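These notes concern the structure reproduced below.
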Amino acid sequence: MPQYTIHVNGQPKTVEADSDTPLLWVLRDNLSLAGTKYGCGIAQCGACTIHVDGNAMRSCSLPISKVGDQKITTIEGLSENGDHPLQKAWATHDVPQCGYCQSGQIMTAAALLSKNKRPSDDEIIETMHGNICRCASYTKIKEAIKAASKL
Amino acid sequence: MTKNNPYTNSRRDFLKWGMASGAGLVVGFNFIGCQSDTAPVEIMKAMPSVWNEFDAYIKIGDTGLVSIFSQNPEIGQNIKTSMPMIVAEELDVAWRDVIVEQAPLNTDWYERQVAGGSQSIRQGWTTLRQAGAKVRHILLKTAAQKWGINIEDCKVKDGVISNPTGEQLSYGEIAAEASQQTLPEEVELKDPKEFKIIGQSKKNVDLNGIVTGQPLFGYDIKKEGMVHACVMRPPAFGMELVAFDDTAAKTINGVIETVKFGDKVAVIAENTWAAMKGKKALTAEWKQVEKAEDSAYHSEQLMLHLSKKADEPRRVDGDVDIAFAEADEVIERIYEAPFLPHNCMEPMNFYANVTEDKVELEGPIQTPAWQQDRVSKILDREKSDINVKMTRMGGGFGRRLYGDFGDEAAEISSLINKPVKLLFTREDDMTAGTYRPASAYRFKVGIKDGEISAYHLTEAFYNGMMFGQMPSNFPCGAITNYRVDCHNIKSNITTGAWRAPYANFLAFAEQAFLDELSGILDKDPVEFRLELLDKAKSDPVGEKYNYDADKFASVIKLAAEKSGWYNRGNKHLGFCAYYSHNTYVAEVAEVELSEGEPIIKKIYCAVDCGIVINPKAALNQIEGGIIDGIGHAMYGDFSFAKGQPQSDNYNKYRLIRMMEAPEIETHFVESYNDPTGLGEPTLPPAGGAIANALFSATGKRFYKQPFVKEMSLLG
Ligand code: FES
Ligand code: FES
């Protein structure tokens, strides 16, 4: 199996994986970073959202062979102590229900806030459109993003 | 209620076993904290060096830190926080000094380790309160004995006991001694007006783990020597496996072997991707051995049955046929809904390790005792050999009541002699599923002198009939001639409970019908419902009916008031009220037209669920239920062709997204009554509320779900 060295959460990691393996499974199986979730495998739900050079991307649809030296950030690396403004706002607003979609939601929102410090309601809704929450915690997600944008 | 003496060996073994699994969790909690919303920093007592066990729920450490086991499966309804809150309340400790651990299955210790029917809190209420209060009692007794005073002279606040002279003893200091005392049978409980924890919003105890991506879910399980399995199942219902070819699958890097069991073939692999790819590479020959059903057939059968009476009616008051014959006008409407997949965000999965001396099962399951039971039969093993641990679940919605995936994992592990994690892909999840059955309702009403003289409801349902009490639901009791008939039609498609079974569609059908009826009778929709309730109360028809007319009227009035129903002017509001799972809910939807397109702007919701345990968490359930209800009523579209599901992933199955989720304003009926449940009851009325508001905005009535299919017919 081919070897790849990728940059994940600030560290180089060398992994062995078939070239078509989605980064999602490399993160979860090879690197034990299980915070990035599988929901659909076809870029429809956002559960697998990570940052690639600061942009929100679907790791289920990014093969390991295409990662190269781009910088990958996962939910585990979003902040040192779990205290990113969004993580704090998620706590204050007690957003999660089952919680499964939430790391993807936070990663999508974090990429938005890094580029747009004060997004409007419409910008939030538009950006978050790709992230499904089957428990429908949407009202809370929206509130928490707005609160975090003010932190 | 706990059944055994807490000091038997089984108790100790159980705790050891529980602790082994929870050890990581406990350390993690140091960091997570369970502090109240207002606590700015994470203050918490130190991890104890000695834990003192009291009962199936409570351990108290020498530092005063308290550990509470949460007995029921957590599917996102937040009982892992709410149930321990109830114990902590009666124990009289500060919530910030509490850590929570998920209890494994233990049928000797816990009575109902089930997540279903919105019953966890309602049925656990007294047991959990007693559990906390009994331990509080023996702690106080121990302190009183030390001081040589009466127990009544001791006071306790936040786990610190004091006597009239001001001396103090903390729970931590006396826990070892107190744990040797015998627990009383029953003790007096607090006056709910004195609750300090119940009624305050407490954060989800897994919150930190969730927002930092900790491996809390079944899909995240990783264990020594574990392999991964994906399974090829029959592509259509009613099919059998004739032969399969795994040559291509076996050439895939990481695929270890394949194994056939029943009509299924598992691909065993070193990692998830190889298992998924391996499964795709399998080819097989199938034979149709039972009817290949399709949606047109389903619909046809439903309609056929609706035109007939059942052999045994479910309820009869008076005689509807005579009343129809004498009526001035007879109105009839039919409502129809499709099969629906559950689509939990976390696809089905389970871990199993079957060895000679034990069977270890771990994963997302709403019914761990049934899981143990079935696996004991499948593998022909003693139940006592089978341990079941519950992970946090990425949604349940009824799907994880059925542990077919747990059975599969156990079977595979026993065949390959390895620990295995079985994983459904999204496609497996949507196509191998247990579904909400398709159903249809016919309402036939007779009108005489401007009032309803007869009401005949006929149900046609696949693989089921409405629950026992439901034929006596509203408006039963308010109508002189009343009849309910149900038809259970057999289908080979696997079906099961789906969030708020029966009610999830019947509520829409009934409430959309009543809305239309109020128009025909020229009555205000809210006044019309109140009149019926008044009738049921003042002059009830027939035997007992299944609701409290006063409570029902209260939520209706509250929702009407808060939504400005009587001053709605040109606003397009739709009203709906429904009683399910012991909870009364009324919802008002507001629809706006934006360039002719109807937009669901807002939902006003009034709820009577008894005392509210954890307000923010309650709102999560309420809002989630409403948006879920809107989503499936609007978009939930699923069909079969030749026994084969026609959607297998989110590109072909639309779930509601943030853009379509309206604002929600909730009002609770203030109550000190025992709590009911919230996981389900706000979902059923949502479809009716939006259908009625859409009618107000567009003049179009909806009779079939999903509405979006009929929206194109709007002008
Ligand atoms: S798993 Fe990647 S978008 Fe759904
Ligand atoms: S919280 Fe359950 S899917 Fe979002």
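What you are looking at is a predicted structure, and each value in this text was computed from that prediction instead of being measured. Numbered from 1 within each chain, the chains take letters A, B, ... in sequence-line order.
Considering CG of B:Leu683 and CZ of B:Phe397, their distance stands at 9.5 Å, rounded to 0.5 Å. In this structure, NE2 in A:His93 is found 10.5 Å from CD1 in A:Ile145, a value given to the nearest 0.5 Å.
The contact between B:Tyr219 and chain A is made by backbone and side chain atoms together, counting heavy-atom distances below 4.5 Å. If you measure heavy-atom distances from A:Asp18 to chain B, the contacts under 4.5 Å come from the side chain alone. Interface remark: A:Ile132 contributes backbone and side-chain atoms alike to the contact with chain B (heavy atom separation under 4.5 Å). Interface remark: B:His228 contributes side-chain atoms only to the contact with chain A (heavy atom separation under 4.5 Å). Heavy atoms closer than 4.5 Å to chain B are found in the backbone of A:Asn131, but not in its side chain. Within the 4.5 angstrom heavy-atom criterion, atoms from both the backbone and the side chain of A:Glu76 approach chain B. Using a 4.5 Å cut-off between heavy atoms, B:Phe424 touches chain A through its backbone atoms (N, CA, C, O) alone. Neither the backbone nor the side chain of A:Val26 comes within contact range of chain B, judged by heavy atoms closer than 4.5 Å. The part of B:Glu660 that comes within reach of chain A is its side chain, from C-beta onward, which places non-hydrogen atoms under 4.5 angstrom from that chain. With a 4.5 Å cut-off on non-hydrogen atoms, A:Ser137 does not touch chain B at all. Both the backbone and the side chain of B:Met658 have a heavy atom closer than 4.5 Å to some heavy atom of chain A.
By the side-chain hydrogen bond (donor to acceptor under 3.5 Å, both in side chains) test, B:Thr81 is found to be paired with B:Asn78, residues two or more places apart in sequence or in another chain being considered. Considering only residues two or more places apart in sequence or on other chains, B:Glu74 meets the side-chain hydrogen bond (donor to acceptor under 3.5 Å, both in side chains) condition with none of them.
Ranking A:Gly35, A:Gly41, A:Cys40, A:Pro96 against chain B, the residue ahead of the rest is A:Cys40, based on heavy-atom pairs under 4.5 Å. Per-residue heavy-atom pair counts under 4.5 Å with chain B were compared for A:Cys45, A:Gly77, A:Gly99, and the maximum is reached by A:Gly99. Each of A:Ile124, A:Ile141, A:Thr139, A:Thr36 has some count of heavy-atom pairs under 4.5 Å with chain B, and the biggest count is that of A:Thr139. Each of B:Thr272, B:Asn271, B:Ile626, B:Leu655 has some count of heavy-atom pairs under 4.5 Å with chain A, and the biggest count is that of B:Thr272. Counting heavy-atom pairs closer than 4.5 Å to chain A, the top residue among B:Glu270, B:Gln621, B:Met276, B:Gln214 is B:Met276. Comparing B:Ile664, B:Asn651, B:Ile630 by how many heavy-atom pairs each has under 4.5 Å with chain A, the most go to B:Asn651. Considering only heavy-atom pairs separated by less than 4.5 Å from chain B, the leading option among A:Gln102, A:Met128, A:Lys140 is A:Lys140.
For the residue pair B:Lys222 and A:Ser32, the shortest heavy atom distance occurs at NZ-OG, 2.7 Å. Closest non-hydrogen pair, B:Arg426 versus B:Met345, comes out as NH2-O, 2.8 Å. The minimum heavy-atom distance linking B:Asp628 with A:Ala136 is given by the pair N-CB, 4.1 Å.
Salt-bridge formation is detected for the pair A:Asp121/A:Lys146: a Lys NZ or Arg NE/NH1/NH2 atom is positioned less than 4.0 Å from an Asp or Glu carboxylate oxygen. Salt-bridge formation is detected for the pair B:Asp428/B:Lys279: a Lys NZ or Arg NE/NH1/NH2 atom is positioned less than 4.0 Å from an Asp or Glu carboxylate oxygen. By the 4.0 Å N-to-carboxylate-O rule, A:Lys115 lies too far from A:Glu123 to be salt-bridged with it.
For the pair A:Lys37 and B:Phe217, the cation-pi test (distance below 6.0 Å, angle within 45°) is failed.
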